[in-house]
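Here's the structure, in structure tokens; my notes come after.
Residue numbers begin at 1 in each chain, while the letters A, B, ... track the order of the sequences.
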Number of protein chains: 4
Amino acid sequence: MSSFGTIFRVTTYGESHCQSVGCIVDGVPPGMTLSEKDIQPQLSRRRPGQSKLSTPRNEKDKVHIQSGIENEKTLGTPIAMLIKNEDQRPNDYSEMKLYPRPSHADFTYSEKYGIRSSSGGGRASARETIGRVAAGAIAEKFLKQVDPKIEIVAFTSQIGEVKMNRDPFNPDFQNLLNTITRDKVDSIGFIRCPDLNIAGDMVKEIEKYRGQQDSIGGVVTCVVRNIPTGLGEPCFDKLEALLAHAMLSIPASKGFEIGSGFVGVSVPGSKHNDLFYYDEEKKRLRTKTNNSGGIQGGISNGENIYFSVAFKSTATISQEQHTATYDGKNGILAAKGRHDPAVTPRAVPIVEAMTALVLADALLIQKSREYGRSVVH
Amino acid sequence: MSSFGTIFRVTTYGESHCQSVGCIVDGVPPGMTLSEKDIQPQLSRRRPGQSKLSTPRNEKDKVHIQSGIENEKTLGTPIAMLIKNEDQRPNDYSEMKLYPRPSHADFTYSEKYGIRSSSGGGRASARETIGRVAAGAIAEKFLKQVDPKIEIVAFTSQIGEVKMNRDPFNPDFQNLLNTITRDKVDSIGFIRCPDLNIAGDMVKEIEKYRGQQDSIGGVVTCVVRNIPTGLGEPCFDKLEALLAHAMLSIPASKGFEIGSGFVGVSVPGSKHNDLFYYDEEKKRLRTKTNNSGGIQGGISNGENIYFSVAFKSTATISQEQHTATYDGKNGILAAKGRHDPAVTPRAVPIVEAMTALVLADALLIQKSREYGRSVVH
Amino acid sequence: MSSFGTIFRVTTYGESHCQSVGCIVDGVPPGMTLSEKDIQPQLSRRRPGQSKLSTPRNEKDKVHIQSGIENEKTLGTPIAMLIKNEDQRPNDYSEMKLYPRPSHADFTYSEKYGIRSSSGGGRASARETIGRVAAGAIAEKFLKQVDPKIEIVAFTSQIGEVKMNRDPFNPDFQNLLNTITRDKVDSIGFIRCPDLNIAGDMVKEIEKYRGQQDSIGGVVTCVVRNIPTGLGEPCFDKLEALLAHAMLSIPASKGFEIGSGFVGVSVPGSKHNDLFYYDEEKKRLRTKTNNSGGIQGGISNGENIYFSVAFKSTATISQEQHTATYDGKNGILAAKGRHDPAVTPRAVPIVEAMTALVLADALLIQKSREYGRSVVH
Amino acid sequence: MSSFGTIFRVTTYGESHCQSVGCIVDGVPPGMTLSEKDIQPQLSRRRPGQSKLSTPRNEKDKVHIQSGIENEKTLGTPIAMLIKNEDQRPNDYSEMKLYPRPSHADFTYSEKYGIRSSSGGGRASARETIGRVAAGAIAEKFLKQVDPKIEIVAFTSQIGEVKMNRDPFNPDFQNLLNTITRDKVDSIGFIRCPDLNIAGDMVKEIEKYRGQQDSIGGVVTCVVRNIPTGLGEPCFDKLEALLAHAMLSIPASKGFEIGSGFVGVSVPGSKHNDLFYYDEEKKRLRTKTNNSGGIQGGISNGENIYFSVAFKSTATISQEQHTATYDGKNGILAAKGRHDPAVTPRAVPIVEAMTALVLADALLIQKSREYGRSVVH
């Protein structure tokens with residue numbers, strides 16, 4: 001459904017061609033300094049039209065806080081936010097009344113709901129993610145107040161065949177995870193790959209597919225630094241299970257791997273196991289390596305949490321496709337309008353937002369656990 | 001926490017060294033013929049000790065239904081099931097009082113709960129999965145009554161470096177997904193790889209690591225055939241998000257990919273998109289290819305749902321490991337006892353169980369949606 | 001928190017002095033004809049200022065649908081609705097910065113959230129109920145499409161000492177429950193008591209307390225007719241438990257009784273038990289009496305569901321009260337502005353809305369149960 | 001369904017004639033000293049057969065903890081408990097195969113589930129409450145560790161026409177609420193009324209109806225002392241809403257009122273409002289009166305929480321009843337066996353258990369809120 005989280009919970013609404021999109025964020029701690037200025041930056045990072053690489057739809061995506069805040073302080077009550085839909089151009093979607101777009105959600109929404117919205121796939125629209133990003137910005141601001149050293153940084157690690165080395169057993173990759181910042185990610189432009197050379201190749205890869213009226217997928221990698229130990233609720237709400245749930249709920253995502261992921265399955269335990277040592281500074285055990293990706297047994301161990309999310313190529317392309325109409329007649333569909341040949345870079349703030357939502361909720365639940373524990377000991 | 005599902009919901013309990021493990025399954029449709037004979041087979045497939053490849057702990061794992069059934073018919077009330085813990089050998093775990101096992105849950109459970117169970121990681125034990133498998137057997141029996149053609153078949157597709165070709169764009173792989181049966185999977189022995197040659201290599205791979213007192217990971221691939229269209233609840237409870245949640249909640253899992261997964265990100269939309277055609281037999285649109293893995297926009301489209309789950313190498317190994325005690329002193333840990341060098345084949349029925357739980361719940365919710373839709377049209 | 005329901009779920013937001021109040025309604029069946037015209041009537045019934053009996057704050061409370069609807073048809077996606085806050089007069093609340101209003105939520109909100117909104121009690125405001133009423137109007141429209149004979153009618157059965165005879169063993173009362181309509185309730189004016197004589201006395205009762213700058217409580221009784229059998233989810237989500245939860249979540253409510261309620265405890269089983277007979281028309285068992293109030297064992301039995309909800313006297317009064325400031329200093333508080341001396345009549349549409357929300361959700365869940373049952377038999 | 005609570009959550013199972021009844025309690029704080037000795041007393045208070053006033057079924061109801069505890073310390077993992085069903089006498093229920101018992105759940109269970117258990121109403125059995133009481137004992141032990149002064153005491157305040165004065169504006173009643181203890185309640189025997197004279201009349205009232213093979217209802221009043229401020233989650237999960245939900249989920253309950261309840265509706269605000277004063281000892285505001293019943297705006301204010309729950313007369317009576325069979329034929333039912341003429345006194349520990357479950361969960365959630373608040377200020 002449209003709600004996510006237990007104690008810190010977002011509920012989103014809105015599709016492409018309605019009045020507005022937005023969300024209600026419930027459970028935000030009271031007394032937090034918060035205004036639209038805290039939320040707009042991630043919304044702006046999410047929106048298209050910032051460079052020639054993405055769709056020219058010029059959405060302004062200005063957030064309007066409706067409730068839950070007075071004098072820039074949160075009240076502890078639900079914070080509703082809305083972002084108006086402005087540049088709708090419903091005419092561009094005319095053929096979609098005849099054809100379900102291949103690999104889009106048009107057909108399945110029609111099967112599930114028995115009705116077709118003018119945009120085809122109802123909420124299976126990039127605009128649906130606006131509510132997530134707005135809510136995630138609040139979650140992240142809260143996490144920063146828990147510890148300013150908590151950082152959530154996502155970046156584009158692959159576009160098509162062009163990929164960074166993200167082998168978890170590669171020290172350079174681990175070093176990157178230790179040091180990458182959001183500023184660094186943005187400094188290279190909208191592609192959001194922190195390696196200048198690879199970023200250039202990624203841009204070329206996207207341009208190649210754009211020239212062919214085609215599209216291409218990619219991978220977003222995300223790291224969380226300085227998160228406390230103890231987050232995650234075994235057995236079914238292990239922290240990696242919540243992260244996987246969150247990531248696979250993002251449109252177009254097809255895969256999730258944490259820590260050593262799919263590469264790690266062929267590494268024997270003797271090499272894969274993260275051995276312990278005592279960290280004098282943190283006054284607790286830490287691990288010499290971090291193939292676990294910061295989570296063991298479903299619970300954070302205080303090391304970097306890192307994971308990657310696969311995004312398939314955009315379904316809507318202008319190339320002709322030999323497909324069938326809703327009525328079952330064979331025909332040729334070529335989507336009108338200009339379409340984003342690669343949504344992966346725009347997924348970066350969405351991955352960050354969903355990560356922040358998972359962690360804020362897990363942290364608040366764990367603090368309740370810690371309280372209980374402190375009482376009974 | 002320990003519950004999973006909304007309308008069809010399982011709650012599990014139990015760790016290695018307590019009286020019993022088990023679960024309560026709530027929301028099972030009433031009037032279903034059900035007895036322990038329906039549940040025991042998957043429990044027996046899950047249990048170790050069936051071949052030289054797995055641990056010799058000879059758990060009998062006999063299920064005892066406590067409630068919710070009279071005269072072998074379900075009542076619609078919660079079905080509680082318990083399986084006694086018999087072969088506990090707590091002495092084998094003696095060093096674990098000193099050392100948190102590297103990459104196991106001992107340290108994180110200690111951090112989260114502030115107490116250490118005798119088995120170290122509390123519920124981060126293979127025995128925790130018994131309740132899942134028992135509940136999944138009921139979910140699967142229900143799905144079979146919805147349509148006997150619904151099939152959930154998982155198999156070992158990789159052990160260490162030995163892997164089947166699971167490229168989704170490979171017709172042989174898609175053909176395998178169309179035809180593989182649970183009988184076929186079991187016919188080749190406990191390794192549960194349906195390719196005889198590769199299965200042999202997998203066994204050798206495991207033996208190699210066993211000989212080195214080491215362990216190795218693997219991948220389980222699962223296919224669901226003949227599931228109806230319309231399952232999954234956008235936006236946050238997309239069907240793939242629920243499956244990812246379910247799979248990443250299984251102990252030792254590190255990754256999930258559905259349909260084209262991580263491979264698909266480098267395939268352009270023009271090739272990746274699943275074009276439609278009209279299926280005269282099913283009287284609805286189907287797709288010529290199935291790179292989406294049976295789910296589009298978070299909703300099942302009626303094609304095969306297939307996905308893979310990565311399992312890391314077993315954390316508990318008998319090799320010496322240079323690590324640290326809970327108290328922060330450097331030392332050497334070599335786990336006593338005999339340990340499973342590769343849990344992947346045993347994960348096969350667990351993956352099937354979690355899949356059945358996700359689908360039974362999603363199906364029941366969708367039937368409520370369909371009812372609502374039928375009323376208002 | 002701010003969400004209610006499982007399959008048909010509302011999430012509300014907003015307090016007195018923010019931009020807007022409203023809600024997101026998730027799980028509304030798709031294809032339903034719906035527009036603002038369906039929602040406005042109950043909102044208008046809820047709003048104050050309609051007669052001299054209630055507060056003169058002239059809220060217009062016009063609903064703006066944001067999403068989930070195209071061409072007046074629901075899409076199955078979340079329906080967001082907002083109602084602007086217009087007539088805010090924050091100055092009226094100036095003393096409340098010093099004094100927590102006795103028996104209002106000012107003190108407890110301050111204790112829980114550690115921050116004070118300008119209106120004192122945050123969401124403990126009559127305006128919070130707008131989102132409930134808007135959502136309830138959608139739920140009710142859905143129920144009407146399930147069966148046009150389903151009716152939810154609430155009315156004022158007591159104001160102060162003036163009360164209708166609502167003894168469940170009184171045939172006149174049962175007859176009233178069988179026949180009362182919303183039109184009849186509204187025909188007697190804003191007091192919403194269907195007995196003309198008693199209504200007049202109730203108005204006098206309110207005027208008496210208004211004249212004394214005081215306030216008075218009351219009781220709302222509600223009946224639901226023609227609801228199907230089978231609704232409610234034992235054991236913890238019995239239908240009466242969900243109704244009680246819903247009713248006690250309405251501001252100022254202090255009690256709930258269903259069927260024979262508190263009166264029935266002194267009636268022996270031989271008289272209290274509802275004996276069965278066969279109804280040729282409905283082709284099923286019915287009960288000769290209905291002391292159970294339409295629910296037995298937590299499940300609807302097809303008879304009228306009826307219950308009463310107690311509302312205390314309004315906390316905010318203009319009379320001087322000898323109380324203490326937040327800082328603990330004794331002093332005298334006399335609330336400025338004009339305050340509603342009796343909110344009970346305005347609670348009528350709120351009780352109806354919460355009832356509709358409970359029933360729409362319970363019905364959709366039960367339809368999922370019935371599907372499961374039909375499959376396995 | 002069969003689960004209750006968010007962070008501290010119980011899931012129950014079992015009906016009259018199955019192997020066992022019990023529950024899984026998830027979210028119990030780790031490190032708490034706990035054994036069956038902590039749970040058995042409330043189970044024994046709940047069980048029938050302790051005096052001539054209740055049914056002679058001699059259930060032993062011995063609890064067996066299955067998991068979640070080692071060396072009498074909780075692990076933080078789910079605690080499963082089972083209590084065997086021993087004295088089942090299914091033959092006593094033979095006519096119930098023909099007749100749905102009037103005002104019992106036999107008919108509605110049959111309608112909902114389409115199957116009839118041998119005991120008729122499935123889980124609508126007094127034995128269903130065993131799991132609640134076992135879980136409540138753990139919740140209460142936790143609350144006692146939070147503050148040993150927290151006390152939850154319920155008592156029988158009415159049987160049939162015999163009632164204690166529970167007018168909330170009566171100082172004697174408020175004084176009773178301030179001082180009543182569980183020992184005092186039990187000292188007067190199984191009737192559990194703390195007023196010796198009234199208790200005697202209550203016993204006579206029950207004996208009168210027993211002599212007539214009839215039954216009678218009653219009221220249980222409960223007080224909670226020394227609970228912290230801040231508990232409850234507006235708007236839908238107000239503390240009184242959760243309590244109402246919990247109480248109306250107990251079999252045979254028909255009403256709930258908190259604080260001034262139904263009596264209070266006719267008391268004007270000027271008398272009803274609880275004025276504030278500063279309590280030097282507690283260093284916070286308190287109220288001079290407590291007509292609110294310890295909750296304002298859905299949040300605890302630190303005063304006594306008190307409420308009453310109405311229980312109807314037992315449905316199963318041995319008197320002849322002119323009713324109809326499931327098949328719709330008129331006939332006479334006289335229930336065989338010995339039946340409890342008044343369950344109200346046995347409801348006392350059940351009310352306490354459900355109260356403890358609500359409060360433990362609300363407290364743990366509030367501690368998470370307080371943490372969030374402390375961070376952002």
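By number of non-hydrogen pairs under 4.5 angstrom with chain A, the leading residue of Phe311(B), Tyr113(B), Tyr278(B) is Tyr113(B). Considering only heavy-atom pairs separated by less than 4.5 Å from chain A, the leading option among Thr314(B), Asp237(B), Leu243(B) is Asp237(B). The choice from Ala315(B), Gly372(B), Ser266(B), Gly230(B) that makes the most heavy-atom pairs within less than 4.5 Å of chain A is Ser266(B). For the set Gly302(B), Ala124(B), Gly232(B), Gly259(B), the count of heavy-atom pairs under 4.5 angstrom toward chain A peaks at Gly232(B).
No side-chain donor-acceptor contact under 3.5 Å links Asn301(A) and Glu111(B).
Rounding to the nearest 0.5 Å gives a distance of 13.0 Å between CZ of Phe256(B) and CD of Glu257(A). In this structure, the separation between CD1 on Ile299(A) and OG on Ser110(B) is 10.0 Å, given to the nearest 0.5 Å.
Contacts of Val267(B) with chain A are made by backbone atoms alone, with heavy-atom separations under 4.5 Å and no side-chain atom involved. Heavy atoms of Asn291(B) lying under 4.5 Å from chain A belong exclusively to its backbone.
At distances below 3.5 Å, not a single donor-acceptor pair connects side-chain atoms of Asn273(A) with backbone N or O atoms of Ser103(B). Checked by atom type and distance alone, the side chain of Thr323(A) pairs as donor or acceptor with a backbone atom of Phe276(B) at under 3.5 Å. In this structure a side-chain-to-backbone donor-acceptor pair under 3.5 Å is missing from Thr108(A) to Gly297(B). For Ser313(B) (side chain) and Gly269(A) (main-chain N/O), a donor-acceptor pair under 3.5 Å exists by modelled atom type.
Just one of Glu240(B), His245(B), Lys238(B) meets the side-chain hydrogen bond (donor to acceptor under 3.5 Å, both in side chains) condition when paired with His245(A); it is His245(B).
Summarising the local packing, NZ of Lys329(B) is surrounded by 12 or fewer heavy atoms from other residues, nucleotides or ligands at distances under 6.0 Å.
Lys112(B) and Glu233(A) are joined by a salt bridge, as a carboxylate oxygen and a charged side-chain nitrogen come within less than 4.0 angstrom of each other.
Closest approach of Ala310(A) and Gly261(B) over heavy atoms only: CB-O, 3.9 Å.
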